[in-house]
Asks: 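Supplied in structure tokens, the structure appears directly below.
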Amino acid sequence: MFFSSRNTGSSLGRIKQHVTWKYRYWRLNSRFHRERKKGNRIKLIVGVREPVSRAVSGYFQSLMERESGRDINTYVDGFFAYCPHMLPLKWFDIELKNRLGIDVYKYAFDKDRGFTVFSSGLFDVFVYQVELLESLTRELGEFVGCPNLELVTVNEASEKWSGELYRKFKDEVAMPFSYLELMYCSEYFNHFYGEKRKSDHMAKWMEK
């Protein structure tokens with residue numbers, strides 16, 4: 001997650017990041033158009049994550065080491081001020097529906113198994129809960145045609161310099177009820193997690 005409202009690095013670093021992502025987008029876009037011209041189907045793999053946890057993880061992912069050693073309340077203020085909280089709630093409408101014509105909310109999501117597979121136009125789509133990814137290796141392997149698929153975990157927030165601070169934030173910070181209602185009453189949460197999961201997640205972030 002990129003926090004565009006924060007000055008998180010040097011000017012050179014931000015330029016490098018911008019160029020890198022532009023290049024990756026160009027390569028992916030070129031490949032997409034080549035495959036479409038050939039009439040080949042295109043597989044999309046999309047992960048969803050409980051939105052409050054996603055926001056907290058993304059915020060600590062964006063912190064620079066020079067921001068260490070501050071009072072916990074400073075990080076709380078920064079989280080609410082700079083985190084794009086609505087991004088996961090609107091991502092499917094912006095990126096899939098508007099750009100690719102895929103309305104993911106038209107397709108039932110198996111909340112118990114944690115994933116679903118459907119086809120829309122040229123696309124075969126695998127949508128999964130990030131929290132259950134490790135248990136879905138076989139299903140994901142079948143989807144991509146790789147029965148011996150192995151998953152490797154990288155870029156874990158808990159393993160970075162801010163790991164202890166990240167754990168402290170999750171253990172000690174209580175979220176406002178109004179914020180939790182906004183996130184957990186959303187179409188996004190109801191579609192991928194459901195009403196019966198709402199109380200558990202509310203309690204997780206309110207009880208400290």
Side-chain angles (χ1 to χ4, degrees), residues 1-2 17 20-58 60-61 87-160 163 166-167 170 183-184 186-198 200-201 204:
M1 182 187 299
F2 177 63
Q17 182 185 58
T20 298
W21 282 106
K22 281 289 186 179
Y23 175 68
R24 289 178 179 176
Y25 171 79
W26 174 80
R27 289 189 60 190
L28 183 61
N29 192 51
S30 297
R31 182 178 179 184
F32 166 74
H33 286 293
R34 285 198 305 270
E35 295 301 318
R36 186 170 65 173
K37 287 180 180 179
K38 295 177 183 177
N40 294 334
R41 298 197 63 76
I42 298 170
K43 293 182 181 291
L44 296 179
I45 302 172
V46 186
V48 298
R49 185 175 181 182
E50 182 269 294
V52 178
S53 295
R54 182 186 189 277
V56 173
S57 176
F60 280 91
Q61 176 78 11
L87 181 60
L89 310 187
K90 300 298 182 182
W91 189 88
F92 282 100
D93 289 331
I94 296 171
E95 298 295 337
L96 292 192
K97 187 175 182 180
N98 291 348
R99 295 178 183 273
L100 302 178
I102 302 172
D103 185 356
V104 70
Y105 296 117
K106 289 174 54 178
Y107 303 92
F109 186 83
D110 191 331
K111 302 176 183 64
D112 294 324
R113 299 181 69 192
F115 80 101
T116 195
V117 179
F118 64 87
S119 296
S120 177
L122 293 174
F123 302 95
D124 297 321
V125 187
F126 185 101
V127 184
Y128 68 94
Q129 293 176 354
V130 171
E131 297 88 346
L132 298 180
L133 179 57
E134 290 185 2
S135 66
L136 298 174
T137 303
R138 178 178 60 82
E139 291 81 357
L140 184 56
E142 291 176 355
F143 177 74
V144 300
C146 182
N148 297 318
L149 179 71
E150 294 184 8
L151 301 177
V152 178
T153 301
V154 297
N155 202 31
E156 282 282 326
S158 59
E159 296 177 357
K160 298 188 175 183
Y166 176 53
R167 287 187 286 270
K170 292 190 296 180
M183 305 301 277
Y184 295 141
S186 63
E187 180 182 25
Y188 171 92
F189 184 83
N190 286 324
H191 186 78
F192 295 113
Y193 292 90
E195 182 65 26
K196 68 179 183 180
R197 303 274 185 89
K198 177 182 174 180
D200 291 338
H201 287 294
K204 170 186 174 181

Asks: Keeping Y193 on the side-chain end and E50 on the backbone end, is there a donor-acceptor pair under 3.5 Å?
Replies: yes

Asks: Do L96 and W91 make a side-chain contact, defined as non-hydrogen atoms from C-beta onward lying under 4.5 Å apart?
Replies: yes

Asks: For H201 and F189, what are the C-alpha separation, side-chain angles and deciding distance, and is it a ring pair (Phe, Tyr, Trp, His ring centres under 6.0 Å)?
Replies: CA-CA 11 Å; H201 287 294; F189 184 83; 5.7 Å; yes

Asks: Under a 3.5 Å distance rule, please check whether Q129 uses its side chain to pair with a backbone N or O of L132 as donor and acceptor.
Replies: no

Asks: Within this structure, what is the CZ-OG distance for the pair R41 and S119, rounded to the nearest 0.5 Å?
Replies: 5.0 Å

Asks: Report the distance from atom NE2 of H33 to atom CD1 of I42, rounding to the nearest 0.5 Å.
Replies: 9.0 Å

Asks: Could you walk me through whether F115 and L133 pass side-chain contact (heavy atoms from CB on, under 4.5 Å), step by step?
Replies: CA-CA 9 Å; F115 80 101; L133 179 57; over 6 Å; no

Asks: L151 and L149: which non-hydrogen atoms are nearest, and at how many Å?
Replies: CD2-CD2, 4.1 Å

Asks: Hey, could you give me the CG/OH distance between D200 and Y184, rounded to the nearest 0.5 Å?
Replies: 10.0 Å

Asks: So with a 6.0 Å cut-off around NZ of K97, is the heavy-atom count from everything else above 12?
Replies: no

Asks: Could you check whether the rings of F32 and F123 sit parallel, tilted or perpendicular, using 30° and 60° as the cut-offs?
Replies: parallel

Asks: Take the angle between the ring planes of F143 and F126 and call it parallel below 30°, perpendicular above 60°, tilted in between.
Replies: tilted

Asks: Looking at S120 and I102, what are the two nearest heavy atoms and their distance?
Replies: OG-CG1, 4.0 Å

Asks: OH/Y128 to CZ/F192 distance, rounded to the nearest 0.5 angstrom?
Replies: 12.0 Å

Asks: Once you round to the nearest 0.5 Å, how far does NZ of K204 lie from OG of S53?
Replies: 3.5 Å

Asks: Going from CG on L87 to CZ on R54, what distance comes out if it is rounded to the nearest 0.5 angstrom?
Replies: 5.0 Å

Asks: Please walk me through it: do V125 and V104 pass side-chain contact (heavy atoms from CB on, under 4.5 Å)?
Replies: CA-CA 9 Å; V125 187; V104 70; 5.8 Å; no

Asks: Which pair of heavy atoms, one from K43 and one from V144, lies closest together, and at what distance?
Replies: CD-CA, 4.3 Å

Asks: Could you check whether any side-chain N or O of T116 sits under 3.5 Å from a backbone N or O of A108, counting only pairs where one atom can act as donor and the other as acceptor?
Replies: yes

Asks: Is the backbone of K111 close enough, under 3.5 Å, to the side chain of R197 for a donor and an acceptor to pair up by distance?
Replies: yes

Asks: Is the closest side-chain heavy-atom distance between L89 and M183 below 4.5 Å?
Replies: yes

